[in-house]
Novice: 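Take a look at this one; I'll ask things after.
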There are 2 protein chains.
Amino acid sequence: MEPGQCLMRQAEEMNALFWIESGWAMRHRNLANGRRQILNLLLPGDICDLQGLIHTRADHSVTAMTPVMLCEVDAGRFLDLLHNDGQLAASLLWSVVQEEGILREHIVRIGRRSARIRLAHLLLELVRRQALGGGPSDGLIEIALTREVMADCLGLTPVHISRTLSELRRDGLVTLEPQGRLRISDIDALARHADYDTRYLHLARPDHVLDRAGGAQA
Amino acid sequence: MEPGQCLMRQAEEMNALFWIESGWAMRHRNLANGRRQILNLLLPGDICDLQGLIHTRADHSVTAMTPVMLCEVDAGRFLDLLHNDGQLAASLLWSVVQEEGILREHIVRIGRRSARIRLAHLLLELVRRQALGGGPSDGLIEIALTREVMADCLGLTPVHISRTLSELRRDGLVTLEPQGRLRISDIDALARHADYDTRYLHLARPDHVLDRAGGAQA
DNA sequence: CGTATACTTGACCCTGTTCAAACAACGTGG
DNA sequence: CCACGTTGTTTGAACAGGGTCAAGTATACG
(Lines give C-alpha, C1' and ligand atoms only; values in the text may rest on other atoms or scores of the structure.)
Protein backbone atom coordinates (compact mmCIF):
# COMPACT_ATOMS: atom_id res chain seq x y z
CA MET A 1 0.00 0.00 0.00
CA GLU A 2 1.08 3.54 -0.67
CA PRO A 3 1.47 6.30 1.93
CA GLY A 4 -1.89 7.80 2.81
CA GLN A 5 -3.89 4.74 1.82
CA CYS A 6 -6.24 3.31 4.43
CA LEU A 7 -5.93 -0.32 5.47
CA MET A 8 -9.07 0.16 7.50
CA ARG A 9 -11.54 2.93 7.89
CA GLN A 10 -13.47 4.18 10.91
CA ALA A 11 -17.01 2.66 11.05
CA GLU A 12 -16.25 0.15 8.32
CA GLU A 13 -16.93 -3.50 9.00
CA MET A 14 -13.86 -5.63 9.43
CA ASN A 15 -13.46 -9.31 8.86
CA ALA A 16 -9.79 -9.72 8.27
CA LEU A 17 -6.56 -9.42 10.13
CA PHE A 18 -3.41 -7.72 8.86
CA TRP A 19 0.17 -8.39 9.64
CA ILE A 20 2.62 -5.64 8.77
CA GLU A 21 5.58 -7.02 6.91
CA SER A 22 7.36 -3.78 6.19
CA GLY A 23 6.67 -0.07 6.42
CA TRP A 24 4.96 2.05 9.06
CA ALA A 25 1.27 2.77 9.54
CA MET A 26 -0.83 4.51 12.15
CA ARG A 27 -4.07 3.83 13.95
CA HIS A 28 -5.95 7.06 14.43
CA ARG A 29 -9.32 8.52 15.13
CA ASN A 30 -10.66 11.62 13.44
CA LEU A 31 -12.95 13.74 15.55
CA ALA A 32 -15.96 15.74 14.50
CA ASN A 33 -14.13 19.02 15.13
CA GLY A 34 -11.40 18.10 12.65
CA ARG A 35 -8.86 17.08 15.22
CA ARG A 36 -7.02 13.81 15.05
CA GLN A 37 -5.60 11.54 17.70
CA ILE A 38 -3.10 8.88 16.75
CA LEU A 39 -3.67 5.88 18.97
CA ASN A 40 -0.61 3.91 18.12
CA LEU A 41 1.96 3.53 15.39
CA LEU A 42 2.23 0.18 13.64
CA LEU A 43 5.71 -1.07 12.87
CA PRO A 44 6.86 -4.13 10.95
CA GLY A 45 5.77 -7.24 12.84
CA ASP A 46 2.69 -5.67 14.36
CA ILE A 47 -0.77 -7.12 14.04
CA CYS A 48 -3.81 -5.15 13.06
CA ASP A 49 -6.36 -5.79 14.35
CA LEU A 50 -8.06 -8.06 16.82
CA GLN A 51 -11.30 -6.27 16.12
CA GLY A 52 -11.21 -7.96 12.74
CA LEU A 53 -11.69 -11.32 14.41
CA ILE A 54 -15.05 -10.51 15.86
CA HIS A 55 -16.40 -8.91 12.75
CA THR A 56 -17.46 -5.58 14.13
CA ARG A 57 -17.34 -1.97 13.05
CA ALA A 58 -13.92 -0.41 13.41
CA ASP A 59 -13.77 2.42 15.92
CA HIS A 60 -10.72 3.93 14.24
CA SER A 61 -8.85 4.08 10.95
CA VAL A 62 -5.50 2.68 9.99
CA THR A 63 -3.47 4.55 7.40
CA ALA A 64 -0.13 3.76 5.78
CA MET A 65 2.61 6.31 6.51
CA THR A 66 5.18 4.78 4.18
CA PRO A 67 4.84 2.16 1.50
CA VAL A 68 3.56 -0.84 3.43
CA MET A 69 3.76 -4.53 2.63
CA LEU A 70 1.19 -6.48 4.51
CA CYS A 71 -0.25 -9.91 4.86
CA GLU A 72 -4.03 -10.12 4.98
CA VAL A 73 -5.74 -13.08 6.63
CA ASP A 74 -9.44 -13.74 6.53
CA ALA A 75 -10.87 -13.74 10.05
CA GLY A 76 -12.61 -17.09 9.66
CA ARG A 77 -9.53 -18.78 8.30
CA PHE A 78 -7.44 -17.29 11.06
CA LEU A 79 -9.75 -18.66 13.72
CA ASP A 80 -9.48 -22.06 12.06
CA LEU A 81 -5.71 -21.80 12.03
CA LEU A 82 -5.71 -21.00 15.74
CA HIS A 83 -7.46 -24.31 16.22
CA ASN A 84 -4.58 -26.26 14.77
CA ASP A 85 -1.66 -24.19 15.86
CA GLY A 86 -1.09 -23.55 19.53
CA GLN A 87 2.05 -21.63 18.76
CA LEU A 88 0.08 -19.17 16.68
CA ALA A 89 -2.38 -18.82 19.53
CA ALA A 90 0.41 -18.11 21.97
CA SER A 91 1.89 -15.54 19.60
CA LEU A 92 -1.46 -13.85 19.36
CA LEU A 93 -1.86 -13.75 23.13
CA TRP A 94 1.63 -12.36 23.45
CA SER A 95 1.01 -9.72 20.86
CA VAL A 96 -2.23 -8.66 22.53
CA VAL A 97 -0.52 -8.25 25.88
CA GLN A 98 2.22 -6.21 24.21
CA GLU A 99 -0.27 -3.98 22.49
CA GLU A 100 -2.27 -3.38 25.64
CA GLY A 101 0.96 -2.45 27.35
CA ILE A 102 1.72 0.07 24.65
CA LEU A 103 -1.74 1.61 24.93
CA ARG A 104 -1.45 1.88 28.71
CA GLU A 105 1.96 3.48 28.46
CA HIS A 106 0.49 5.94 25.99
CA ILE A 107 -2.26 6.90 28.43
CA VAL A 108 0.24 7.61 31.17
CA ARG A 109 2.37 9.66 28.84
CA ILE A 110 -0.45 11.81 27.60
CA GLY A 111 -2.18 12.10 30.94
CA ARG A 112 0.61 12.93 33.33
CA ARG A 113 3.76 14.04 31.56
CA SER A 114 5.13 17.31 30.23
CA ALA A 115 5.54 17.89 26.51
CA ARG A 116 9.27 17.39 26.74
CA ILE A 117 9.04 14.04 28.44
CA ARG A 118 6.15 12.87 26.30
CA LEU A 119 8.24 13.43 23.22
CA ALA A 120 11.29 11.74 24.71
CA HIS A 121 9.16 8.72 25.63
CA LEU A 122 7.64 8.47 22.20
CA LEU A 123 11.05 8.48 20.54
CA LEU A 124 12.43 5.98 23.02
CA GLU A 125 9.51 3.66 22.47
CA LEU A 126 9.81 3.85 18.71
CA VAL A 127 13.51 3.11 18.80
CA ARG A 128 12.91 0.13 21.02
CA ARG A 129 10.01 -1.29 19.02
CA GLN A 130 11.90 -0.77 15.82
CA ALA A 131 14.76 -2.83 17.18
CA LEU A 132 12.39 -5.59 18.36
CA GLY A 133 11.01 -5.79 14.83
CA GLY A 134 14.44 -6.19 13.27
CA GLY A 135 15.14 -2.55 12.46
CA PRO A 136 18.16 -0.45 13.46
CA SER A 137 18.89 -0.32 17.18
CA ASP A 138 21.42 2.49 17.19
CA GLY A 139 18.97 5.27 18.00
CA LEU A 140 18.13 6.31 14.46
CA ILE A 141 14.44 6.36 13.69
CA GLU A 142 14.00 4.71 10.31
CA ILE A 143 11.46 7.05 8.86
CA ALA A 144 10.93 10.79 8.95
CA LEU A 145 8.04 11.70 11.25
CA THR A 146 6.36 14.99 10.57
CA ARG A 147 5.83 17.33 13.52
CA GLU A 148 2.15 16.91 12.93
CA VAL A 149 2.30 13.14 13.37
CA MET A 150 4.19 13.48 16.63
CA ALA A 151 1.74 16.13 17.77
CA ASP A 152 -1.26 13.94 17.00
CA CYS A 153 0.35 11.06 18.87
CA LEU A 154 1.04 13.11 21.95
CA GLY A 155 -1.97 15.38 22.15
CA LEU A 156 0.07 18.49 21.35
CA THR A 157 0.34 20.93 18.45
CA PRO A 158 2.95 20.77 15.67
CA VAL A 159 4.22 24.18 16.72
CA HIS A 160 4.90 23.01 20.21
CA ILE A 161 6.53 19.80 19.00
CA SER A 162 8.85 21.93 16.94
CA ARG A 163 9.84 23.97 19.97
CA THR A 164 10.22 20.97 22.23
CA LEU A 165 12.31 19.13 19.70
CA SER A 166 14.58 22.16 19.37
CA GLU A 167 15.07 22.03 23.12
CA LEU A 168 16.02 18.37 23.03
CA ARG A 169 18.43 19.10 20.20
CA ARG A 170 19.89 22.08 22.03
CA ASP A 171 20.53 19.80 25.02
CA GLY A 172 22.29 17.29 22.80
CA LEU A 173 19.79 14.48 23.46
CA VAL A 174 18.48 14.20 19.92
CA THR A 175 19.96 15.03 16.52
CA LEU A 176 18.40 15.71 13.16
CA GLU A 177 19.75 13.48 10.40
CA PRO A 178 19.47 13.65 6.59
CA GLN A 179 15.96 13.42 5.15
CA GLY A 180 14.47 14.72 8.35
CA ARG A 181 15.01 11.56 10.35
CA LEU A 182 15.68 11.79 14.05
CA ARG A 183 18.37 10.11 16.06
CA ILE A 184 18.62 9.66 19.80
CA SER A 185 22.27 10.37 20.43
CA ASP A 186 22.49 8.52 23.74
CA ILE A 187 19.57 6.28 24.51
CA ASP A 188 20.46 5.63 28.14
CA ALA A 189 20.99 9.32 28.84
CA LEU A 190 17.61 10.20 27.37
CA ALA A 191 15.94 7.33 29.22
CA ARG A 192 17.35 8.54 32.53
CA HIS A 193 16.42 12.09 31.70
CA ALA A 194 12.85 11.13 30.90
CA ASP A 195 12.19 8.64 33.68
CA TYR A 196 11.66 5.96 31.07
CA ASP A 197 11.43 2.42 32.32
CA THR A 198 13.91 0.55 30.17
CA ARG A 199 12.35 -2.77 31.17
CA TYR A 200 9.15 -1.74 29.44
CA LEU A 201 8.68 -3.91 26.36
CA HIS A 202 12.00 -5.48 27.17
CA LEU A 203 10.13 -8.55 28.21
CA ALA A 204 11.74 -11.59 26.76
CA ARG A 205 9.11 -13.78 25.31
CA PRO A 206 8.66 -16.50 27.88
CA ASP A 207 8.62 -19.95 26.39
CA HIS A 208 6.45 -21.51 29.05
CA VAL A 209 3.54 -19.65 27.51
CA LEU A 210 4.29 -21.29 24.22
CA ASP A 211 4.50 -24.72 25.81
CA ARG A 212 1.35 -24.32 27.75
CA ALA A 213 -0.62 -22.86 24.91
CA GLY A 214 0.73 -25.44 22.52
CA GLY A 215 -1.26 -27.96 24.47
CA ALA A 216 -4.13 -25.68 25.29
CA GLN A 217 -4.80 -23.91 22.01
CA ALA A 218 -5.26 -20.72 23.98
CA MET B 1 -11.21 -7.23 49.33
CA GLU B 2 -11.49 -3.97 51.18
CA PRO B 3 -11.18 -0.48 49.65
CA GLY B 4 -7.55 0.46 49.20
CA GLN B 5 -6.32 -3.12 49.02
CA CYS B 6 -4.24 -4.09 46.01
CA LEU B 7 -5.30 -7.01 43.84
CA MET B 8 -2.06 -6.59 41.98
CA ARG B 9 0.97 -4.46 42.42
CA GLN B 10 3.24 -2.75 39.90
CA ALA B 11 6.35 -4.86 39.13
CA GLU B 12 4.97 -7.91 40.90
CA GLU B 13 4.86 -11.18 39.03
CA MET B 14 1.41 -12.31 38.05
CA ASN B 15 0.20 -15.79 37.37
CA ALA B 16 -3.49 -15.57 37.94
CA LEU B 17 -6.51 -13.96 36.41
CA PHE B 18 -9.26 -12.11 38.29
CA TRP B 19 -12.86 -11.69 37.46
CA ILE B 20 -14.67 -8.89 39.28
CA GLU B 21 -17.96 -10.14 40.71
CA SER B 22 -18.99 -7.00 42.53
CA GLY B 23 -17.48 -3.68 43.50
CA TRP B 24 -15.25 -1.26 41.64
CA ALA B 25 -11.49 -1.23 41.29
CA MET B 26 -8.97 0.75 39.33
CA ARG B 27 -5.89 0.02 37.28
CA HIS B 28 -3.35 2.72 37.81
CA ARG B 29 0.30 3.57 37.52
CA ASN B 30 2.22 5.55 40.08
CA LEU B 31 5.00 7.69 38.71
CA ALA B 32 8.33 8.52 40.25
CA ASN B 33 7.27 12.13 40.81
CA GLY B 34 4.32 11.08 42.95
CA ARG B 35 1.71 11.57 40.29
CA ARG B 36 -0.80 8.89 39.43
CA GLN B 37 -2.57 8.00 36.23
CA ILE B 38 -5.63 5.81 36.34
CA LEU B 39 -5.65 3.66 33.23
CA ASN B 40 -9.10 2.25 33.51
CA LEU B 41 -11.77 1.55 36.06
CA LEU B 42 -12.84 -2.04 36.62
CA LEU B 43 -16.53 -2.68 37.06
CA PRO B 44 -18.41 -5.86 37.90
CA GLY B 45 -17.96 -8.34 35.06
CA ASP B 46 -14.54 -7.07 34.01
CA ILE B 47 -11.49 -9.27 33.69
CA CYS B 48 -8.13 -8.45 35.16
CA ASP B 49 -5.77 -9.19 33.63
CA LEU B 50 -4.50 -10.83 30.50
CA GLN B 51 -0.96 -10.13 31.61
CA GLY B 52 -1.57 -12.76 34.25
CA LEU B 53 -1.76 -15.41 31.53
CA ILE B 54 1.74 -14.94 30.32
CA HIS B 55 3.30 -14.78 33.74
CA THR B 56 5.11 -11.51 33.49
CA ARG B 57 5.75 -8.53 35.72
CA ALA B 58 2.76 -6.24 36.02
CA ASP B 59 3.33 -2.77 34.59
CA HIS B 60 0.63 -1.26 36.78
CA SER B 61 -1.29 -1.80 40.00
CA VAL B 62 -4.90 -2.67 40.59
CA THR B 63 -6.57 -1.36 43.73
CA ALA B 64 -10.05 -1.89 45.12
CA MET B 65 -12.13 1.30 45.38
CA THR B 66 -15.07 -0.31 47.17
CA PRO B 67 -15.40 -3.69 48.81
CA VAL B 68 -14.74 -6.08 45.95
CA MET B 69 -15.78 -9.69 45.49
CA LEU B 70 -13.63 -11.41 42.96
CA CYS B 71 -12.97 -14.75 41.45
CA GLU B 72 -9.32 -15.76 41.12
CA VAL B 73 -8.25 -18.28 38.51
CA ASP B 74 -4.79 -19.74 38.25
CA ALA B 75 -3.26 -18.88 34.87
CA GLY B 76 -2.31 -22.45 34.07
CA ARG B 77 -5.74 -23.78 34.92
CA PHE B 78 -7.33 -21.04 32.88
CA LEU B 79 -5.28 -21.92 29.82
CA ASP B 80 -6.35 -25.55 30.28
CA LEU B 81 -9.97 -24.46 30.55
CA LEU B 82 -9.66 -22.51 27.32
CA HIS B 83 -8.65 -25.78 25.68
CA ASN B 84 -11.93 -27.41 26.53
CA ASP B 85 -14.30 -24.51 26.28
CA GLY B 86 -14.56 -22.60 23.05
CA GLN B 87 -17.24 -20.44 24.53
CA LEU B 88 -14.86 -19.28 27.23
CA ALA B 89 -12.26 -18.55 24.58
CA ALA B 90 -14.75 -16.48 22.62
CA SER B 91 -15.73 -14.58 25.75
CA LEU B 92 -12.10 -13.83 26.41
CA LEU B 93 -11.57 -12.58 22.88
CA TRP B 94 -14.64 -10.45 23.17
CA SER B 95 -13.56 -9.00 26.46
CA VAL B 96 -10.10 -8.19 25.12
CA VAL B 97 -11.55 -6.34 22.16
CA GLN B 98 -13.85 -4.42 24.50
CA GLU B 99 -11.00 -3.49 26.77
CA GLU B 100 -8.80 -2.33 23.93
CA GLY B 101 -11.69 -0.19 22.74
CA ILE B 102 -11.97 1.38 26.17
CA LEU B 103 -8.25 2.11 26.27
CA ARG B 104 -8.33 3.68 22.82
CA GLU B 105 -11.29 5.82 23.72
CA HIS B 106 -9.42 6.95 26.79
CA ILE B 107 -6.43 8.02 24.71
CA VAL B 108 -8.60 10.13 22.45
CA ARG B 109 -10.33 11.71 25.42
CA ILE B 110 -7.15 12.66 27.19
CA GLY B 111 -5.28 13.63 24.05
CA ARG B 112 -7.74 15.78 22.19
CA ARG B 113 -10.62 16.93 24.33
CA SER B 114 -11.28 19.79 26.74
CA ALA B 115 -11.70 19.19 30.46
CA ARG B 116 -15.43 19.64 30.23
CA ILE B 117 -15.88 17.06 27.50
CA ARG B 118 -13.40 14.65 29.03
CA LEU B 119 -15.43 14.61 32.18
CA ALA B 120 -18.72 14.23 30.35
CA HIS B 121 -17.27 11.29 28.40
CA LEU B 122 -15.98 9.60 31.50
CA LEU B 123 -19.35 9.81 33.20
CA LEU B 124 -21.18 8.63 30.09
CA GLU B 125 -18.86 5.69 29.73
CA LEU B 126 -19.24 4.68 33.34
CA VAL B 127 -23.00 4.86 33.17
CA ARG B 128 -22.98 2.71 30.05
CA ARG B 129 -20.56 0.11 31.35
CA GLN B 130 -22.38 -0.05 34.62
CA ALA B 131 -25.58 -0.87 32.79
CA LEU B 132 -23.84 -3.52 30.65
CA GLY B 133 -22.67 -5.19 33.87
CA GLY B 134 -26.16 -5.30 35.33
CA GLY B 135 -26.06 -2.08 37.34
CA PRO B 136 -28.51 0.85 37.20
CA SER B 137 -29.06 2.36 33.77
CA ASP B 138 -30.89 5.50 34.79
CA GLY B 139 -27.87 7.76 34.85
CA LEU B 140 -26.96 7.35 38.50
CA ILE B 141 -23.37 6.33 39.09
CA GLU B 142 -23.43 3.60 41.72
CA ILE B 143 -20.49 4.72 43.76
CA ALA B 144 -19.16 8.07 44.90
CA LEU B 145 -16.08 9.03 42.92
CA THR B 146 -13.73 11.47 44.57
CA ARG B 147 -12.59 14.47 42.54
CA GLU B 148 -9.10 13.08 42.81
CA VAL B 149 -10.08 9.79 41.17
CA MET B 150 -11.73 11.59 38.27
CA ALA B 151 -8.70 13.86 37.97
CA ASP B 152 -6.30 10.92 37.86
CA CYS B 153 -8.43 9.26 35.22
CA LEU B 154 -8.52 12.31 33.01
CA GLY B 155 -5.08 13.79 33.45
CA LEU B 156 -6.41 16.85 35.30
CA THR B 157 -6.25 18.20 38.85
CA PRO B 158 -8.94 17.68 41.51
CA VAL B 159 -9.38 21.43 41.70
CA HIS B 160 -10.19 21.68 38.06
CA ILE B 161 -12.50 18.69 38.21
CA SER B 162 -14.40 20.47 40.95
CA ARG B 163 -14.77 23.56 38.82
CA THR B 164 -15.73 21.65 35.70
CA LEU B 165 -18.26 19.58 37.58
CA SER B 166 -19.82 22.74 38.97
CA GLU B 167 -20.20 23.99 35.41
CA LEU B 168 -21.93 20.78 34.32
CA ARG B 169 -24.22 21.06 37.32
CA ARG B 170 -24.92 24.71 36.64
CA ASP B 171 -25.93 23.74 33.10
CA GLY B 172 -28.26 21.09 34.43
CA LEU B 173 -26.44 18.19 32.79
CA VAL B 174 -25.36 16.47 35.98
CA THR B 175 -26.73 16.44 39.51
CA LEU B 176 -25.18 15.62 42.86
CA GLU B 177 -27.11 12.95 44.77
CA PRO B 178 -26.94 11.77 48.40
CA GLN B 179 -23.59 10.32 49.56
CA GLY B 180 -21.75 12.25 46.91
CA ARG B 181 -22.90 10.14 44.01
CA LEU B 182 -23.37 11.72 40.60
CA ARG B 183 -26.29 11.43 38.26
CA ILE B 184 -26.49 12.31 34.59
CA SER B 185 -29.88 13.97 34.37
CA ASP B 186 -30.37 13.44 30.66
CA ILE B 187 -28.00 10.98 29.07
CA ASP B 188 -28.87 11.80 25.48
CA ALA B 189 -28.55 15.53 26.06
CA LEU B 190 -25.12 15.10 27.59
CA ALA B 191 -24.05 12.70 24.84
CA ARG B 192 -25.05 15.22 22.19
CA HIS B 193 -23.39 18.01 24.09
CA ALA B 194 -20.14 16.06 24.38
CA ASP B 195 -19.97 14.57 20.89
CA TYR B 196 -20.15 11.12 22.47
CA ASP B 197 -20.64 8.23 20.10
CA THR B 198 -23.54 6.35 21.61
CA ARG B 199 -22.72 3.30 19.52
CA TYR B 200 -19.43 2.96 21.33
CA LEU B 201 -19.56 -0.18 23.50
CA HIS B 202 -23.10 -0.61 22.37
CA LEU B 203 -21.92 -3.48 20.27
CA ALA B 204 -24.20 -6.40 20.66
CA ARG B 205 -22.18 -9.49 21.19
CA PRO B 206 -22.25 -11.23 17.83
CA ASP B 207 -23.02 -14.92 18.10
CA HIS B 208 -21.12 -15.93 15.00
CA VAL B 209 -17.95 -15.37 16.98
CA LEU B 210 -19.16 -17.81 19.56
CA ASP B 211 -20.03 -20.38 16.93
CA ARG B 212 -16.80 -20.08 15.12
CA ALA B 213 -14.66 -20.06 18.20
CA GLY B 214 -16.64 -22.93 19.67
CA GLY B 215 -15.18 -25.06 16.96
CA ALA B 216 -11.87 -23.30 16.78
CA GLN B 217 -10.92 -22.89 20.43
CA ALA B 218 -9.74 -19.42 19.53
C1' DC C 1 13.63 27.18 -11.03
C1' DG C 2 9.22 27.64 -9.13
C1' DT C 3 5.72 25.72 -6.30
C1' DA C 4 4.13 23.09 -2.45
C1' DT C 5 4.75 21.22 1.80
C1' DA C 6 6.81 21.21 6.02
C1' DC C 7 9.44 23.57 9.65
C1' DT C 8 10.77 27.52 12.69
C1' DT C 9 10.12 31.60 15.35
C1' DG C 10 7.70 35.40 17.66
C1' DA C 11 3.86 37.58 20.18
C1' DC C 12 -0.17 37.03 22.51
C1' DC C 13 -3.82 34.39 24.66
C1' DC C 14 -6.34 30.76 27.21
C1' DT C 15 -6.98 26.55 29.60
C1' DG C 16 -5.80 24.28 33.32
C1' DT C 17 -2.25 24.40 37.52
C1' DT C 18 -0.69 25.80 41.96
C1' DC C 19 -1.10 27.44 46.35
C1' DA C 20 -3.90 28.69 50.01
C1' DA C 21 -7.81 29.31 52.77
C1' DA C 22 -12.47 28.36 54.03
C1' DC C 23 -16.04 24.93 54.26
C1' DA C 24 -18.75 20.50 54.55
C1' DA C 25 -19.38 15.70 55.82
C1' DC C 26 -18.35 12.08 58.67
C1' DG C 27 -16.71 9.16 62.46
C1' DT C 28 -14.76 8.93 67.00
C1' DG C 29 -14.35 9.49 71.87
C1' DG C 30 -15.51 12.13 75.98
C1' DC D 1 -24.93 15.08 72.19
C1' DC D 2 -21.22 17.77 71.13
C1' DA D 3 -16.22 18.88 70.26
C1' DC D 4 -12.78 17.63 67.18
C1' DG D 5 -9.77 15.50 63.83
C1' DT D 6 -9.88 13.72 59.25
C1' DT D 7 -10.78 13.68 54.73
C1' DG D 8 -12.78 15.59 50.79
C1' DT D 9 -14.78 19.78 48.37
C1' DT D 10 -15.20 24.53 46.92
C1' DT D 11 -13.50 29.05 45.79
C1' DG D 12 -10.16 32.72 44.80
C1' DA D 13 -5.89 34.74 42.90
C1' DA D 14 -1.68 34.36 40.59
C1' DC D 15 0.82 31.68 37.38
C1' DA D 16 2.62 28.67 33.55
C1' DG D 17 2.47 25.33 29.95
C1' DG D 18 0.97 24.87 25.80
C1' DG D 19 -2.26 26.82 22.04
C1' DT D 20 -3.21 30.06 18.28
C1' DC D 21 -2.22 33.08 14.71
C1' DA D 22 0.88 34.85 11.51
C1' DA D 23 5.02 35.64 9.07
C1' DG D 24 9.21 33.98 7.37
C1' DT D 25 12.38 29.99 6.02
C1' DA D 26 13.91 25.25 4.49
C1' DT D 27 13.46 21.32 1.80
C1' DA D 28 11.71 18.34 -1.67
C1' DC D 29 9.93 17.67 -6.09
C1' DG D 30 8.39 18.25 -10.79
Side-chain angles (χ1 to χ4, degrees), chain A residues 2-4 26 31 33-38 65-67 109-123 141 143-171 174-183 194, chain B residues 2-4 26 31 33-38 63 65-66 109-123 141 143-171 174-183 194:
Chain A
E2 286 313 300
M26 58 182 174
L31 304 188
N33 57 18
R35 290 181 154 181
R36 178 178 71 165
Q37 174 68 45
I38 295 178
M65 298 168 66
T66 67
R109 254 200 303 264
I110 297 182
R112 284 292 182 226
R113 299 195 186 275
S114 67
R116 191 182 162 107
I117 293 187
R118 279 187 220 185
L119 184 52
H121 270 234
L122 177 65
L123 299 180
I141 290 177
I143 73 164
L145 301 166
T146 67
R147 308 294 176 256
E148 194 177 7
V149 164
M150 295 186 253
D152 285 340
C153 277
L154 298 175
L156 298 166
T157 55
V159 177
H160 202 245
I161 292 288
S162 172
R163 285 193 235 271
T164 308
L165 209 45
S166 304
E167 260 185 48
L168 292 179
R169 280 194 281 156
R170 175 174 51 76
D171 298 349
V174 166
T175 58
L176 189 52
E177 304 281 311
Q179 290 137 43
R181 290 178 303 176
L182 292 169
R183 178 192 294 279
Chain B
E2 287 312 300
M26 58 181 172
L31 304 190
N33 57 18
R35 290 181 152 180
R36 179 177 71 166
Q37 174 68 46
I38 295 178
T63 305
M65 299 168 65
T66 67
R109 256 200 304 264
I110 297 182
R112 285 294 182 223
R113 297 194 186 277
S114 68
R116 189 182 165 109
I117 293 188
R118 280 187 219 185
L119 185 52
H121 270 233
L122 177 65
L123 299 180
I141 290 176
I143 73 163
L145 300 167
T146 67
R147 308 294 176 258
E148 194 178 6
V149 164
M150 295 186 252
D152 286 339
C153 276
L154 298 175
L156 298 166
T157 55
V159 175
H160 202 243
I161 292 288
S162 172
R163 285 192 233 272
T164 308
L165 209 46
S166 304
E167 259 186 48
L168 292 179
R169 280 194 279 156
R170 175 175 49 78
D171 299 349
V174 166
T175 58
L176 189 52
E177 304 280 310
Q179 291 137 40
R181 290 179 302 176
L182 292 169
R183 179 191 295 278

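Quick note on labels: first sequence line is chain A, next is B, and so on, each numbered from 1. In this text the structure is predicted, and so the values were computed from the model without any measurement.
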Novice: Could I get the full list of side-chain hydrogen bond (donor to acceptor under 3.5 Å, both in side chains) partners for B/T175, not counting sequence neighbours?
Specialist: B/E177

Novice: Establish whether the base of D/dT20 is bridged to the side chain of A/R163 by a donor-acceptor pair shorter than 3.5 Å.
Specialist: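 Present.
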
Novice: Check the distance between C/dA25's P and B/E177's CD and give it to me in whole angstrom.
Specialist: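 It is 15 Å, rounded to the nearest whole Å.
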
Novice: Would you mind reading off the distance between A/L165 atom CG and C/dC7 atom P, rounded to a whole angstrom?
Specialist: 10 Å

Novice: Only one of B/L119, B/I117, B/L123 clears side-chain contact (heavy atoms from CB on, under 4.5 Å) with B/H121; which?
Specialist: B/I117

Novice: Starting at atom CD1 of A/I110, determine the distance to atom C1' of C/dG16, rounded to an integer number of angstrom.
Specialist: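 These atoms are roughly 17 Å apart.
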
Novice: Separation of A/H160 atom NE2 from C/dT8 atom P, in whole Å?
Specialist: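 Atom-to-atom, A/H160 to C/dT8, this comes out as 13 Å.
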
Novice: Does a nitrogen or oxygen in the side chain of A/T157 sit under 4.0 Å from OP1 or OP2 of D/dG19?
Specialist: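 It does, given that an N or O in the side chain of A/T157 lies less than 4.0 Å from OP1 or OP2 of D/dG19.
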
Novice: Whole angstroms only, please: what is the CG-P distance between A/L168 and C/dT8?
Specialist: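 Atom CG in A/L168 sits about 12 Å away from atom P in C/dT8.
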
Novice: Any side-chain N or O of B/S162 under 4.0 Å from OP1/OP2 of D/dT9?
Specialist: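 Checking B/S162 against D/dT9: no side-chain N or O falls below 4.0 Å of OP1 or OP2.
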
Novice: Atom CD of B/Q179 to atom C1' of C/dC26: distance rounded to whole Å?
Specialist: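 Value for this atom pair: 12 Å.
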
Novice: If every non-hydrogen atom of A/D152 is compared with every non-hydrogen atom of B/R112, which pair is closest and at what distance?
Specialist: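 Closest pair (atom of A/D152, atom of B/R112, distance): OD1-NH2, 2.7 Å.
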
Novice: Ignoring hydrogens and angles, tell me if any N or O in the side chain of A/S166 forms a donor-acceptor pair with the backbone of A/S162 under 3.5 Å.
Specialist: yes

Novice: Does the side chain of B/R147 get closer than 4.0 angstrom to OP1 or OP2 of D/dT9 through an N or O atom?
Specialist: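 So the side chain of B/R147 is within the cut-off, an N or O lying under 4.0 Å from OP1 or OP2 of D/dT9.
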
Novice: Nearest-Å distance, CG (A/D152) to P (D/dG18)?
Specialist: 16 Å

Novice: With sugar-phosphate meaning primed atoms plus P, OP1 and OP2, does B/S166 contact a base, only sugar-phosphate, or nothing at under 4.0 Å between heavy atoms?
Specialist: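 Result for B/S166 = sugar-phosphate.
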
Novice: Could you walk me through whether A/L156 and A/T164 satisfy the side-chain contact (heavy atoms from CB on, under 4.5 Å) test, starting with their C-alpha distance in whole Å, then the side-chain angles of each, then the deciding distance to 0.1 Å, before giving a yes or no?
Specialist: CA-CA 10 Å; A/L156 298 166; A/T164 308; 5.6 Å; no

Novice: Can you see which heavy atom on A/R116 is nearest to which on A/D171, and at what distance?
Specialist: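 Where A/R116 meets A/D171 most closely, the heavy atoms are NH2-OD2, 2.6 Å.
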
Novice: Within the structure shown, what part of the strands sits under 4.0 Å from A/R35 by heavy-atom distance: base, sugar-phosphate, or nothing?
Specialist: sugar-phosphate

Novice: For DNA chain D, which residues of residues 111-120 of chain B approach it to below 4.0 angstrom with any heavy atom?
Specialist: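 Within residues 111-120 of chain B, no residue comes under 4.0 Å of DNA chain D.
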
Novice: If only atom types and distance count, is the side chain of B/R109 paired as donor or acceptor with the main-chain N or O of B/R118 below 3.5 Å?
Specialist: no

Novice: With the side chain of B/V159 defined as its heavy atoms from C-beta on, choose the nearest nucleotide among D/dA22, C/dT18, D/dG8.
Specialist: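 Nearest listed nucleotide: C/dT18.
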
Novice: In whole Å, I'd like the distance from the CG atom of B/L145 to the P atom of D/dT9.
Specialist: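 Spelled out: CG on B/L145 to P on D/dT9 is 10 Å.
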
